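Heads up, the thing below is written out as structure tokens.
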Amino acid sequence: MAEAKLTAQVFDARSGEASSLDLEGPRFTTEPNEHVIHRAVVAELDSRRRYTASTKGRSEIRGSGAKLYRQKGTGRARAGDAKSPIRQGGGTWGGPKAKPARYGKRINRKEAIAAFDGALSAKSQDGELYVLDSLAFDTPSTKQAKELLSRMELEGPVLVVLTESDANAALSFRNLPRVSVVGPHEYGVYELLRAREVVFSRAAYSRLAGKES
């Protein structure tokens, strides 16, 4: 028995007419691998961390390394220099450090592609991919964008993928709650999984599928 074809819902922004588009190729037919997808998400989120928190250890504190007072005869606990972590102004023990780049979570290119295609294929299998035709905004209009998503009956969160030629549309969608607007190369596995529905402009879809002229 032949497998059912995967399709994306196509919505004409001007006329409101709906149709379907056959999805073919590895971008939409890759079997999702949960382990690889998880690795990709961890690597993506780790790469966005800035690791700016940093504390100084006792070796980094400026000051004398001389012993504060003699070892015996004072009646006090034996103490070293003033840079000890137990003293005010001393170094910090076990505090956060800026993370060197070499310790970042990594994933190779082949796995990254498999994870992205797997996440996109999962969306196509669940019928959560949409393509917008005739997406032309003469001027930015959040009201028009809201009405468009309402007619499409999307629940959100929605990821809207637009090209640089859709500047007015991007300005229109970006103010809507539960809507994220990205360019063709500005999203990854995490954004795909975080969104309930993914909406492509026709140009963005063509670029993704490799059909751009």
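Source: prediction; values computed, not measured.
Remark: Thr139 OG1 to Leu171 CG distance equals 10.0 Å, nearest 0.5 Å. Taken from NZ in Lys146 to OG in Ser172, the straight-line distance is 14.0 Å, to the nearest 0.5 Å. In this structure, OG in Ser121 is found 7.5 Å from CG in Leu6, a value given to the nearest 0.5 Å. A distance of 9.5 Å separates CG of Leu208 from CG of Leu23, quoted to the nearest 0.5 Å. Note that the CG atom of Leu135 and the OG atom of Ser165 stand 9.0 Å from one another [nearest 0.5 Å]. The distance from atom NZ of Lys143 to atom CG of Leu176, rounded to the nearest 0.5 Å, is 13.5 Å.
Not one N or O on the side chain of Asp126 forms a donor-acceptor pair closer than 3.5 Å with the backbone of Glu128. The closest donor-acceptor contact from the side chain of Glu44 to the backbone of Val41 lies at 3.5 Å or more, if one exists at all. Without hydrogens or angle criteria, Lys67 side chain to Ala79 main chain gives a donor-acceptor distance under 3.5 Å. A donor-acceptor contact shorter than 3.5 Å is absent between the side chain of Gln9 and the backbone of Ala18. For the pair Asp117 (side chain) and Thr30 (backbone), a donor-acceptor distance under 3.5 Å is absent. Side-chain atoms of Arg70 come within 3.5 Å of backbone atoms of Lys72 as a donor-acceptor pair (strictly under, hydrogens ignored). In this structure, Ser54 contributes its side chain and Lys97 its backbone to no donor-acceptor pair below 3.5 Å.
Sorted by first and then second residue, the side-chain hydrogen bond (donor to acceptor under 3.5 Å, both in side chains) pairs with a member in residues 189-203 read Arg48-Glu191, Asp133-Arg202, Glu155-Arg196, Asp166-Ser201; sequence neighbours excluded.
The closest side-chain heavy-atom distance from Leu154 to Val199 is below 4.5 Å. Counting heavy atoms from C-beta outward, Arg87 and Leu68 have side chains that approach closer than 4.5 Å. Using a 4.5 Å cut-off on side-chain heavy atoms (C-beta onward), Pro184 and Thr163 make contact. Contact annotation: the side chain of Phe116 approaches that of Leu192 to within less than 4.5 Å [non-hydrogen atoms, C-beta and beyond].
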Could you go through Val198 and Tyr187, starting from their C-alpha distance and side-chain angles, then the distance that decides it, and tell me whether this counts as side-chain contact (heavy atoms from CB on, under 4.5 Å)?
CA-CA 11 Å; Val198 182; Tyr187 66 103; 5.8 Å; no
Determine whether Leu132 and Phe200 satisfy the following criterion, side-chain contact (heavy atoms from CB on, under 4.5 Å), listing intermediate values before the conclusion.
CA-CA 6 Å; Leu132 275 173; Phe200 296 92; over 6 Å; no
If you apply the rule salt bridge (charged side-chain N to carboxylate O under 4.0 Å, His left out), what do you find for Arg39 with Glu34, and how did you get there?
CA-CA 9 Å; Arg39 279 174 47 79; Glu34 291 186 6; over 6 Å; no
Could you check Arg207 against Glu164 for salt bridge (charged side-chain N to carboxylate O under 4.0 Å, His left out), going step by step and ending with a plain yes or no?
CA-CA 12 Å; Arg207 189 174 298 184; Glu164 55 277 1; 3.1 Å; yes
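Because its NZ or CZ atom is not both nearer than 6.0 Å to the ring centre of Phe11 and within 45° of the ring axis, Arg151 does not count as a cation-pi partner of that residue.
Here the shortest heavy-atom pairing between Ala115 and Ile37 reads O-CG1, 3.8 Å. Leu129 and Lys123 get closest at one heavy-atom pair: CD2-CB, 3.7 Å. The heavy-atom pair separating Asn168 from Phe137 by the smallest distance is ND2-O, 2.9 Å. The two atoms that bring Ile107 and Val36 nearest to each other are CD1-O, 4.2 Å, heavy atoms only. Residues Thr7 and Ser20 share a closest heavy-atom pair of CB-CB, 4.3 Å.
Counting heavy atoms of neighbouring residues, nucleotides and ligands inside a 6.0 Å radius, atom CD of Gln71 exceeds 12 of them. For Lys56, the NZ atom counts as loosely surrounded, since its 6.0 Å shell holds 12 or fewer non-hydrogen atoms of other residues, nucleotides or ligands. Remark: Glu60 CD is packed, more than 12 non-hydrogen atoms of other residues, nucleotides or ligands lying under 6.0 Å away.
Cluster annotation: Val161 is not connected to Val179 through the hydrophobic network of ILVMFWY side chains, with a link wherever side-chain heavy atoms come within less than 4.5 Å. Under the 4.5 Å side-chain contact rule for hydrophobic residues, Leu148 and Val181 share a cluster. Under the 4.5 Å side-chain heavy-atom criterion for grouping Ile, Leu, Val, Met, Phe, Trp and Tyr, Leu159 is connected to Val131 within one hydrophobic cluster. Linking ILVMFWY residues whenever their side-chain heavy atoms come closer than 4.5 Å, directly or via other members, leaves Trp93 and Ile61 in distinct clusters. Put simply, Val189 and Val160 are part of two different groups of oily side chains (I, L, V, M, F, W, Y) that touch within less than 4.5 Å, one to the next.
Asn33 pairs by the side chain to side chain donor-acceptor pair (under 3.5 Å) definition with nothing, not counting sequence neighbours.
For an aromatic pair to be called close, the ring centres must be under 6.0 Å apart, and Tyr205 with Tyr130 fails this.
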